Structure formats: structure tokens, C-alpha cells
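Structure first, then comments.
We name chains A, B, ... by the order of the sequence lines, and we start the count at 1 in each one. If you're wondering where the values come from, they're calculated on a predicted model, not measured in any experiment.
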Protein chains: 2
Amino acid sequence: MKATVIHGERDIRLETVPDPILRTETDAIVRVVAACVCGSDLWPYRGVTPTNEPHRIGHEFVGIVEEAGSAVANVREGDFVIAPFYYCDNTCINCRNGVSTSCLNGGWWGAEGRDGNFVDGAQGERVRVPLADGTLVATPQVPEAGLVPHLLTLADVMGTGHHAAVSAGVTRGSTVAVVGDGAVGLCAVLASHRLGASRIVAMSRHADRQAIAREFGATDVVEERGTEGAAVVKELFDGIGADFVLECVGTKESMDQAIRSTRPGGMVGYVGVPAGGPELPVRSLFTNNVGVRGGVAPVRGYIEELLPEVLAGTLAPGRVFDRELPLSDVAQAYAAMDDRTATKVLLRP
Amino acid sequence: MKATVIHGERDIRLETVPDPILRTETDAIVRVVAACVCGSDLWPYRGVTPTNEPHRIGHEFVGIVEEAGSAVANVREGDFVIAPFYYCDNTCINCRNGVSTSCLNGGWWGAEGRDGNFVDGAQGERVRVPLADGTLVATPQVPEAGLVPHLLTLADVMGTGHHAAVSAGVTRGSTVAVVGDGAVGLCAVLASHRLGASRIVAMSRHADRQAIAREFGATDVVEERGTEGAAVVKELFDGIGADFVLECVGTKESMDQAIRSTRPGGMVGYVGVPAGGPELPVRSLFTNNVGVRGGVAPVRGYIEELLPEVLAGTLAPGRVFDRELPLSDVAQAYAAMDDRTATKVLLRP
């Protein structure tokens, strides 16, 4: 089959790789219907994190179950399934605590699994899914084509934006500012709107992304960044800042901007993968009673929470995909996201 | 009158200072019935934070209103009052948001106020209280002597321990570990017990403090510290750690210990004044979805919440005072807390 392999900085190739096979009775094989490129895929693409040897890549996909191991009970051949951006058993104590990203038996796509077997990346034609019962969520029936982009966001970006809002504790009637206008930031706007925030500031200087943010429920757009951006947010909210600020980038600058935009006693919810390991300034957090909560989003649990609304058409996050390409053009998909001519690219094998 | 002045490292003196007078119509003058020494007073005492010039010190007191300005409506001459460890108007937006430590018009004892008038420290015979209506909480009647130590803890340590538990989000049936066995840490144990935690680990290696912790509701005591201590806490709780960890010290080591003792998805509530400005390790917080929330505790609001239980005798945090001295022996009080022969010393002017 064909699958995407990253060889180094700005070197993405679609290659012929072995077809996946069931390795254990809890595996399933899924034919990928749609995959996509994540903002975090750009870190190795840009060389920010090194690629020491070529490896498979991609961690977001939806598809059709082609084959299921004998111990798999929750999904079966022909099911349309959504996979989170990791696999998990959904039964261990961390999963039960709602933190399936810390599953004691889970792992990551495109890497060696705990049992020594390689686990496929998602930007390919097929994927071997370990712990299929815990990992996959099947839709009640195969959805119509128009729903696929929306369902695909549940694999990562919509659940991750939702996690930012949930981690911050966004409540009905509260005020929110979102730092980052990538797909996750836009989904964080949508999640805050869904949770009933009365005022939502999108911090963005790209007209196309501002437009999506407005569609998703942003009431205000702030183009300024850094200290200046934080000052504008403060002014918008009684001179003290927003109740909740959602950090969806992962740099030191974006986290500083988020913390400075938060009112005393408020919360920063953060989901931007920390790039370069910036530390948090405890002294200013302490003085202002600003809390920080978030991390790698346990989207597996959120799929079940958000799926009914997506199927009903009342939650439509798929708008973040502003380009669609065949899997054969995967290198072009990375380039478009890298140069920001696309917010997020959907890939069809 | 007499009041305490710090001159430098381990140099505490009781000196004659001017009697306070009403400076504005919102002031009150309070005769101090009891004051005490705080763990954070030990930072300048030990020279960890420098004392550039002699200044008044102390920020915890209860007393009797001797005189109230013409605009003061909530307290009057003869009232027994509890003051938080700061003053505040209790009406600004930050106060209304429950963060009175960030009061837009507030300030700190023993320092120059916003209007340029000096504000007394608490370790003295009398205190001029700015914004008396916002700052002071009067008891329904003058309490019996035995209640005074308990009431005095509401000025800081009980409210601060409570803030650690509230910031972490301690819930009924949850598991808690408390880092720090000073008065605040012990009060954090008591607060967790009050909030219904099912299991509470006190991290302490002092027999006398362990005993108070047990009285306050600790179910387990862990004597190990640092990485070793965190490993023991993890083992106590399914190998993953406690739901909530309360950091009540303020050093880099204690914060690291707290973060490592918290289960994935758990919360650190912290109230230890950060000494030396340790930064928070965002990468490990992110990976494990461990949140951090806390800061300088807005105890003004907690006084009203906790006071009825103290008056009813169902909440008895005054046990943290294991020594009582006349104000004239204030230097001895500092020395006893410094060498840990006392957990917390109550001072009587």
C-alpha cells in the first residue's frame, strides 16, 4: 500500500510500504477514508524537531474497518470509525479518569508499539489499529460524504480545541480569548461558543481565519500580538483581561501572551504542544492567581461526547479544512500548511 | 505604642512607634488582641529576601475596633474583627471575582498605601486599617478567649490552606497529598478533610506535626521527600499518584515533588510563596495533563465562609499554634519558628 514517510526537513514522500496485517486478536485493520495534516506535523517538517531517520507520519484518520481480530467486540467489518490521534485501551485507570492520552497500554501512530510491533501512521491507505475496542468509535451507520470532514476533526483538532476550553473551565456567560488561529485555535473558538461563552476574542491577523473564527462564534478579533495583544484584550474586559484564555500554539511567546491576557483568578487552558520547552513563570501566575491546565488532549472520550452533535449537523467543525488533496499530493499538503496558504488540508487516499 | 520592626537578618525588635490615627473616613483603628508569625515572615528573617532598611512586619491579627471613620458602616467601636493578611475594598471587579488579593484599591500591611499613608504591620499593639468596610469581618459578638487562636487562623493560614484545596478542586471522595507540614500545610489537610477527601497524605518527617496532621484528618503520613517521596505517594494511589496535590512550601523542590506526586489529569493547588522564582516544567505538565492553580490566597472571602464553623466549634484550626508568647518576646517567636521548635507562635500584645 501507499503511506507517507518523512525523510527530513521539508522532505515528505508517499512510498510503497507493506500492507498491514492483524498482529494480535485485539487489532483491527482500517481502510483510510480521509486523513489530514496536523499543525504539530509541521514541527518535524520545518526541522524544529529533528528527523533522525525516515519514519511514517500522520495521526488523524477516519475509515472503514476491513478486518477485526477475534477479540474485537465493539467494531466490525464495514463499520465507519473515527480514531483518536493515539490508541488506548479505554479501560485502564488513567482512561477511566478521562486521561486516555496517558493510557497505561496505549501509544502513538507511526511508531513502535509496546509489544514491539510497528504501528502505522495515519497518512496512508490502511492502518493497523491496536486495542481496536478501546481506540475506535464507530458511527451508527456509514455517514454521507459531506459529514466526513466534520467527523475527521474529532480525531484531533475539534477534541483538542474542546480540551482547551474544558481544561480552562469555560462556563456559560464567561469571557474567552483564544491565542492561535490554526485549526485547533478555531476549534477552541467553536468549543467555547458551544459551552456558552458570552464573548469570545479570536487573536488572528489572517482575514480567512478571522472569517472562520467569526462563523465559529468569535465576537471580537484582535490582530495585535504579544504584550500589545494582551493589553488590547485587557482593555476589552474591564481592564483586567478575560476569564479564560485558550493557548493553542505552543511557543513561549504565545503562552506569555495567554497568561498576560487572563484576569486575576482566571485560567489558561493550553493545548499547544510546547515547542522548545518554555517554562511557566510561576511568580506572575502566583501573584495573579492565574491557573494553567491542559496538555495532550484525551480526545477519545470527547469523540463520544461530540459525535451526536456532528451527526445531527449542529456542530460543524469541518469548516477548518479549506483544501482537499489526493494522498498522492501529500507533499503539497504539507507545503500549503507550512506557507499558510491553507489552514488545514484533508487528504483522500 | 509598641510594634515589631525587622532590621535585617535575624534582627527583630519591638520598638516604640507613633500611635496610628484615622487618616481617611474609611479607616478604622483596631487594638490587636492576638497576632502571630507567618512562615513567609521567615524569608526576610533568614535573609532569603533582603531587608534594605528597617520596616514594620506582621500581617495576621484579630482585635477590637477602637475607632472607625465616618464612612465606615460595617464595623463599629467595640466589635471583634478578623483582618485578612491584606486590605481590600471588597467591591472592585477583582474582589467581586473572588480575587480580593488583586483588589484594585487594596494593599499590604506594613507598607506605604496607595494614598501615600503608611499602613501598620500586624505585630503591634494597634493597626490603622484602610478600607475598613471591605477589609474587616466582625464576629456577631466578642468571642470567648478560647476561640481566639482559631479565629486568628482565618487571617491567613486556614484560608490559605483552604485556597490550596479549592484551587486544586478537591472533591468529596478524592485523594489528596499535601507537601509541606507548616501551619499552612496542616490547614490544607484540614481543608481537604472538610471538603470530603477520602484519603489524605501528609508529607512530614516531624512527629509533632504528623500528630497535628492526623488530628486534622490525614489518613497517611509519608516521611520521604523529593523523587522518593513522590514515588511513595504514587504507590499509595494505584501507581499513578493522588488526584490532587497541595503545595504549601514554595521551593523548586517542593513544587517538583508536588507535580511528580499528581496523577495524570490531576491538579496541583499551590499556595507556597515562590522563593527564588522557580519556573514550572511545562513539558511534563503537558504530557500528563497535570494542571497548576493557586497563588496568594484571597482569604477575605473565605473568612465569611469558614467563620460560622469556627464559631460553632466544628472547625478548629487553632491547633496549629503550639506556642504563645507576649508581644515583647516577638524576637523569641521568630527564633522558635526558624529553628522549628514551634510550628506557629501566637503573640499577645
Side-chain angles (χ1 to χ4, degrees), chain A residues 92-104 163 166-169 174-175 237-241 243 247 250-252 255 259 262-298 301, chain B residues 92-104 163 166-169 174-175 237-241 243 247 250-252 255 259 262-298 301:
Chain A
C92 79
I93 186 157
N94 286 330
C95 285
R96 279 181 280 131
N97 280 332
V99 201
S100 50
T101 39
S102 293
C103 176
L104 299 175
H163 187 56
V166 167
S167 296
S174 61
T175 61
F237 299 113
D238 303 304
I240 60 171
D243 297 330
E247 194 287 316
T251 63
K252 179 167 167 45
M255 182 58 94
I259 292 169
T262 311
R263 70 157 171 84
M267 281 292 287
V268 174
Y270 74 114
V271 291
V273 180
E279 307 297 89
L280 301 178
V282 70
R283 189 85 210 185
S284 71
L285 294 171
F286 182 88
T287 303
N288 297 308
N289 269 284
V290 169
V292 175
R293 186 175 204 182
V296 53
Chain B
C92 80
I93 186 157
N94 287 330
C95 286
R96 280 181 279 130
N97 281 332
V99 200
S100 51
T101 39
S102 294
C103 176
L104 298 175
H163 187 58
V166 167
S167 296
S174 61
T175 61
F237 299 114
D238 303 304
I240 59 171
D243 296 331
E247 195 287 318
T251 63
K252 178 168 169 44
M255 182 57 94
I259 292 170
T262 312
R263 71 158 170 84
M267 281 292 288
V268 173
Y270 74 113
V271 291
V273 180
E279 305 297 88
L280 301 178
V282 70
R283 189 84 209 187
S284 70
L285 295 171
F286 182 88
T287 303
N288 298 308
N289 269 285
V290 168
V292 176
R293 187 175 202 179
V296 54

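In this structure a side-chain-to-backbone donor-acceptor pair under 3.5 Å is missing from A:Arg263 to B:Ile93.
The choice from A:Ser102, A:Gly266, A:Ala297, A:Gly98 that makes the most heavy-atom pairs within less than 4.5 Å of chain B is A:Ser102. Comparing A:Pro298, A:Gly272, A:Gly239, A:Gly269 by heavy-atom pairs within less than 4.5 Å of chain B, the highest count is held by A:Gly272. For the options A:Asp238, A:Val99, A:Val290, A:Leu104, heavy-atom pairs under 4.5 Å to chain B are most numerous at A:Val99. Interface remark: of the candidates A:Gly291, A:Gly294, A:Gly265, A:Ser167, A:Gly294 forms the most heavy-atom pairs closer than 4.5 Å to chain B. By number of non-hydrogen pairs under 4.5 angstrom with chain B, the leading residue of A:Asn94, A:Thr287, A:Val268 is A:Asn94.
If you measure heavy-atom distances from B:Thr101 to chain A, the contacts under 4.5 Å come from the side chain alone. For A:Val271, the part lying under 4.5 angstrom from a heavy atom of chain B is the backbone only. In this structure, the portions of B:Leu285 lying under 4.5 Å from any heavy atom of chain A include both its backbone and its side chain.
Residues B:Phe286 and A:Tyr270 share a closest heavy-atom pair of N-OH, 3.3 Å.
The shortest distance between side-chain heavy atoms of A:Asn289 and B:His163 falls below 4.5 Å. Counting heavy atoms from C-beta on, the side chains of A:Arg293 and B:Arg293 never come closer than 4.5 Å.
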